[in-house]
Structure formats: C-alpha cells, structure tokens
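Have a look at the structure below, then the notes.
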Amino acid sequence: MKKNRALLAPFVLWAAIFIVVPLLMIVWYGVTVEESIPYTEEVLEDGATYFRLEDGTLTTERPQKQTVVSLSNFRRMLEPTYLKLLLRSLKIAIITTVICLLLGYPVALILTGKDFKRPALWLMLIVLPMWMNFLLRTYSWMSILENSGILNSWITALREAVPAFDAWLTGMGVGKKIIFLYNENAVILGMVYNYLSFMIMPIYTVIEKIDRSLLEAAADLGASPRKSFLRVTLPYSLPGVLEGITMVFVPAVTTFVISQLMGGGKVPLIGDIIQNQFGKSSDWHFGSTLSLLVMVVVLAFMGTLNRIDKEEETQKEVRIL
C-alpha cells in the first residue's frame with residue numbers, strides 16, 4: 001500500500017502545481033480588485049513633497065494600489081454586454097457541436113462497418129490534419145476563403161466561363177467577390193474543421209467495441225437495420241457520443257483564436273474578452289472573474305452529461321422487438 005502511495009506522489013505533485021495552484025490563483029484574482037489609496041499631495045516648508053493619507057499619515061513615497069476583496073467584478077460580469085457575449089459563445093459552441101455530431105456519427109458508423117476496408121488508414125487520414133499546428137490550419141482556411149483566395153478565384157473563373165451562372169449569382173444579389181470570412185458562419189466552419197476529429201474518435205472507439213452478436217441476434221429475430229440501430233447501436237454508442245460532445249463543446253465555448261482570425265474581430269466571443277483582459281487590458285482580476293463564469297457554465301454542462309450517462313448505464317436495456 002505504501003509503495004502504491006509513493007507511485008502516486010509524482011502525479012499528486014504535478015496536479016498540485018499545474019491544476020490546484022493555478023485554480024486558486026484564478027479564484028483569488030476573481031474575488032479581488034486593485035484600489036488606489038486616497039491621498040493628497042503636499043509640499044512642506046522644506047520644499048519636500050509628502051503624501052498625506054486619509055488617516056493623516058505623511059509619507060514620502062507615493063501610495064501604491066492595494067488589493068482588496070470585492071465582488072464588484074461579479075456585478076460587472078452581469079452587465080448585458082458580457083452576458084450577450086456569453087450567450088453568443090454558447091450558441092456558436094452548441095451549433096458547432098451539433099454539426100460535428102451530425103457529421104461525425106455517420107463517419108464513425110461507416111468506419112466500423114464490417115464491409116469497410118482499411119478503417120485504420122482512413123482514421124489516420126482524419127487525424128493527420130490534427131498533427132499540424134492549430135494556427136497553421138486556421139490560416140490555411142483563411143487563404144481559401146478570403147476575397148482573393150482559392151475559392152473566390154474558382155468562382156470568378158466559373159462565372160467568366162458560364163455567363164448563365166454569373167447572371168444567376170448577380171440576380172441573387174451576389175457581388176463579384178463573395179465574402180466568406182469575418183462572420184459567424186466562418187467561425188463555425190473553423191471550429192467544425194478543427195474539432196470534428198474529437199467527435200469521430202470517441203464514437204468510433206465505442207461502436208467498434210459493441211458485441212456483433214447483439215446485432216446478429218437482432219437480425220435473427222427479424223429486426224430491420226433501422227430497429228437494430230435504434231435498439232442496439234445507438235444506446236451502446238451513447239457514452240462515446242457524450243464524450244465527443246464534451247470534447248467539442250468545451251474548447252468551442254472557450255476559443256478565441258478562431259474567432260479572432262476567421263471572425264476578424266467582428267464576432268467577439270467570451271474567450272476573446274478573457275484573452276484581452278489578460279493581455280491588452282492587463283486586468284487580471286476581471287479576466288479571472290469571467291474565467292470563473294465560463295468554468296461554472298462548463299462544469300454545469302459536463303455535470304449534466306455525466307448525469308445522463310449514469311442514468312443511461314443504470315437503465316440500459318436492449319429491446320430488439
């Protein structure tokens with residue numbers, strides 16, 4: 001037992017340094033603010049400059065700001081501007097998660113098909129883009145979608161080659177250059193591309209482990225492929241679905257790189273505001289308060305999914321007919 005505890009020591013130390021300490025720092029910064037100490041500047045008869053504090057104390061050093069416990073940042077956090085950004089972030093994250101699920105589940109289902117050849121190769125091709133730098137992938141999409149990018153160049157060439165196509169686009173109110181970037185759709189596209197593999201992999205892993213004899217039994221008892229899917233495959237793949245939803249939703253709701261690049265600053269999300277507070281504004285206190293807000297939202301979301309998963313485990317029952 002003592003030996004096992006000794007083996008846990010490195011992990012406990014790592015968790016304390018990189019998880020507990022940063023979390024405590026965020027909480028501390030979130031519940032405190034920096035306030036200036038009131039003072040008046042006085043020049044005495046000897047020509048020296050003194051600073052008189054509220055209690056009448058004279059000092060030759062200019063009073064610095066002091067850190068005090070305050071809930072003012074929490075009141076500021078509830079302002080309509082920040083709540084609107086949070087709701088927008090949740091909306092885009094939910095849309096991204098739903099699209100990834102609608103695209104990822106069929107892909108995972110196809111890859112696990114008994115007649116599908118070389119699924120490992122296709123999985124590698126799906127994961128391969130994730131080995132590249134995150135910024136590089138995002139910039140690649142920007143080069144494709146920008147006004148002078150690849151996609152607009154192809155559309156322009158097609159319009160010149162097919163006058164009817166050009167007339168149809170013009171009649172639809174489409175200009176010579178189609179603006180693909182710097183809107184919510186571009187941000188959602190960037191998120192779906194970057195996070196889709198996070199949805200495919202856990203679903204594929206769970207479906208791959210489903211006992212094939214259950215599907216064979218369903219077929220023997222006269223269940224149609226649709227019924228077999230609804231009664232066997234879908235219930236047993238739910239843990240992978242919930243894991244994929246978590247792996248997509250959490251980074252999507254906190255991202256700021258994609259919204260800054262593909263949104264061009266026109267689609268600010270809560271992650272952008274937090275990044276600005278720690279960067280340009282240097283207001284770590286309000287940035288930490290907003291981080292706590294996002295943390296509560298994410299934990300509530302994960303707690304809901306965990307509850308659904310536990311209920312499904314306790315009530316799981318295969319009904320073939």
Side-chain angles (χ1 to χ4, degrees), residues 15-43 49-97 184 187 191 246 249-261 263-307:
I17 295 175
F18 295 104
I19 299 178
V20 178
V21 173
L23 182 60
L24 291 177
M25 290 179 63
I26 291 176
V27 173
W28 169 250
Y29 275 105
V31 299
T32 57
V33 295
E34 288 189 352
E35 292 184 351
S36 299
I37 301 176
Y39 68 90
T40 56
E41 188 173 330
E42 298 181 4
V43 179
T49 301
Y50 289 85
F51 303 94
R52 185 180 298 275
L53 305 182
E54 283 186 324
D55 59 1
T57 304
L58 284 176
T59 178
T60 57
E61 297 182 358
R62 187 182 299 274
Q64 302 297 319
K65 292 183 178 181
Q66 61 180 356
T67 302
V68 298
V69 176
S70 174
L71 299 180
S72 59
N73 280 332
F74 287 90
R75 291 190 292 269
R76 180 183 172 189
M77 175 186 68
L78 297 177
E79 293 178 3
T81 301
Y82 301 109
L83 291 179
K84 182 180 178 181
L85 290 174
L86 177 62
L87 291 176
R88 175 191 287 170
S89 301
L90 291 173
K91 181 188 75 172
I92 291 179
I94 291 173
I95 293 174
T96 299
T97 305
E184 283 192 6
V187 175
M191 289 187 181
T246 302
F249 179 82
V250 173
V253 80
T254 57
T255 188
F256 62 90
V257 175
I258 297 176
S259 56
Q260 288 182 359
L261 295 179
K266 297 180 180 180
V267 192
L269 303 179
I270 194 68
D272 297 289
I273 303 302
I274 294 174
Q275 191 267 342
N276 287 334
Q277 297 303 316
F278 284 96
K280 295 178 181 179
S281 301
S282 296
D283 189 352
W284 288 26
H285 298 276
F286 187 56
S288 298
T289 305
L290 290 176
S291 299
L292 290 175
L293 171 63
V294 175
M295 190 184 306
V296 170
V297 172
V298 170
L299 290 176
F301 175 80
M302 295 180 65
T304 301
L305 291 184
N306 188 49
R307 191 178 303 112

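Computed from a predicted model, the values in this text were never measured in an experiment.
Taking CG of L23 as the start and OG of S288 as the end, the distance is 10.5 Å to the nearest 0.5 Å. With rounding to the nearest 0.5 Å, the separation of OH in Y29 from CG in N73 is 13.0 Å. The NZ atom of K84 lies 12.0 Å from the OG atom of S89; values are rounded to the nearest 0.5 Å. One finds the CG atom of N276 at 6.5 Å from the CD atom of Q260 (value rounded to the nearest 0.5 Å). In this structure, CZ in F249 is found 9.5 Å from OG1 in T254, a value given to the nearest 0.5 Å. For the atom pair CG of L71 and CE of M77, the computed distance is 10.0 Å after rounding to the nearest 0.5 Å.
No donor-acceptor pair closer than 3.5 Å links the side chain of T255 to the backbone N or O of A252. Here the side chain of T96 pairs no donor or acceptor atom with the backbone of M191 at under 3.5 angstrom. Between the H285 side chain and the G30 main chain, no donor and acceptor come within less than 3.5 Å of each other. Side chain of S70 to main chain of S72: a donor-acceptor pair is present (N/O by atom type, distance under 3.5 Å, no hydrogens or angles).
Residues P268 and F256 form no side-chain contact, since every pair of their non-hydrogen atoms from C-beta on lies 4.5 Å or further apart. Side-chain contact between L86 and L90: present, with at least one pair of heavy atoms (C-beta onward) separated by less than 4.5 Å. Taking the side chain as every heavy atom from C-beta outward, V267 and I92 approach each other to under 4.5 Å. With a 4.5 Å cut-off on side-chain heavy atoms, F74 and L293 do not count as touching. Counting only heavy atoms from C-beta outward, the side chains of I95 and E184 never approach each other to under 4.5 Å.
Between D272 and R88 no salt bridge is recorded (no basic side-chain N to carboxylate O distance below 4.0 Å).
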Walk me through it: do V250 and M302 pass the test side-chain contact (heavy atoms from CB on, under 4.5 Å)? CA-CA 9 Å; V250 173; M302 295 180 65; 4.2 Å; yes
L305 vs F301, side-chain contact (heavy atoms from CB on, under 4.5 Å): CA-CA, chis, key distance, verdict: CA-CA 6 Å; L305 291 184; F301 175 80; 3.4 Å; yes
Apply the test side-chain contact (heavy atoms from CB on, under 4.5 Å) to residues V297 and V253: give CA-CA distance (whole Å), side-chain angles for both, the deciding distance (0.1 Å), then the verdict. CA-CA 10 Å; V297 172; V253 80; 5.5 Å; no
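The aromatic rings of Y82 and F286 lie perpendicular to each other, with more than 60° between the two planes, well past the 30° mark.
In terms of heavy atoms, F278 sits closest to G287 at CE1-C, 3.5 Å. Nearest heavy-atom pair across V187 and S259 is CG2-CA, 4.0 Å.
The side chain to side chain contact (heavy atoms under 4.5 Å, CB included) test applied to V68 returns V33, E35, Q66, not counting sequence neighbours.
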